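See structure below.
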Amino acid sequence: MPQFVECSTQADVDRVTAAGNVAVVRSGRFVAWGSSHVEAWESSHVEAWESSHVVAWGSSHVEAWES
């Protein structure tokens, strides 16, 4: 079962999602690639590419590309 891990940098997001876990971001700009899973909270901005899955809460912003 994947773990939900708080991330504050893009390197954290990349590491956490590569391990099959869910990256939780609260502020900042991030990119999700491949089949990564990200939860965006508060004022985050996430760009999702390929078959990434993003759940957005609060005033988060998501841009989705491809599938």
Side-chain angles (χ1 to χ4, degrees):
M1 174 153 212
Q3 295 181 343
F4 289 73
V5 181
E6 293 261 350
C7 298
S8 59
T9 67
Q10 182 66 51
D12 290 344
V13 170
D14 295 342
R15 178 181 46 78
V16 167
T17 57
N21 293 311
V22 179
V24 178
V25 296
R26 296 196 180 272
S27 64
R29 294 182 67 92
F30 302 93
V31 177
W33 294 96
S35 59
S36 56
H37 187 134
V38 176
E39 287 208 4
W41 290 81
E42 297 169 6
S43 58
S44 303
H45 180 109
V46 178
E47 287 186 30
W49 290 88
E50 298 165 352
S51 58
S52 297
H53 178 89
V54 178
V55 178
W57 300 93
S59 59
S60 297
H61 178 82
V62 176
E63 294 181 44
W65 303 95
E66 297 172 10
S67 61

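None of these values were measured; they are calculated from a predicted model.
- No donor-acceptor pair under 3.5 Å is formed between the side chain of Ser35 and the backbone N or O of Ser52.
- Contact between Asp12 and Cys7 at its shortest, heavy atoms only, is CB-CB, 3.6 Å.
- The minimum heavy-atom distance between Ser43 and Ser27, with the atom names listed, is OG-CB, 3.8 Å.
- Heavy atoms only, all atoms of each residue included: Trp65 and Glu47 are closest at NE1-OE1, 4.2 Å.
- Hydrophobic clustering, defined by side-chain heavy atoms of Ile, Leu, Val, Met, Phe, Trp and Tyr closer than 4.5 Å, groups Phe30 together with Val13, Val25, Val38, Val46, Val54, Val62.
- Asn21 and Gln3 get closest at one heavy-atom pair: OD1-N, 2.9 Å.
- Here the closest non-hydrogen pair linking Arg26 and Glu42 is O-CB, 3.3 Å.
- The 12-atom threshold is exceeded at CD of Glu66, counting heavy atoms of other residues, nucleotides or ligands nearer than 6.0 Å.
- If you chain together hydrophobic residues whose side chains sit under 4.5 Å apart, Val55 and Trp41 fall into the same group.
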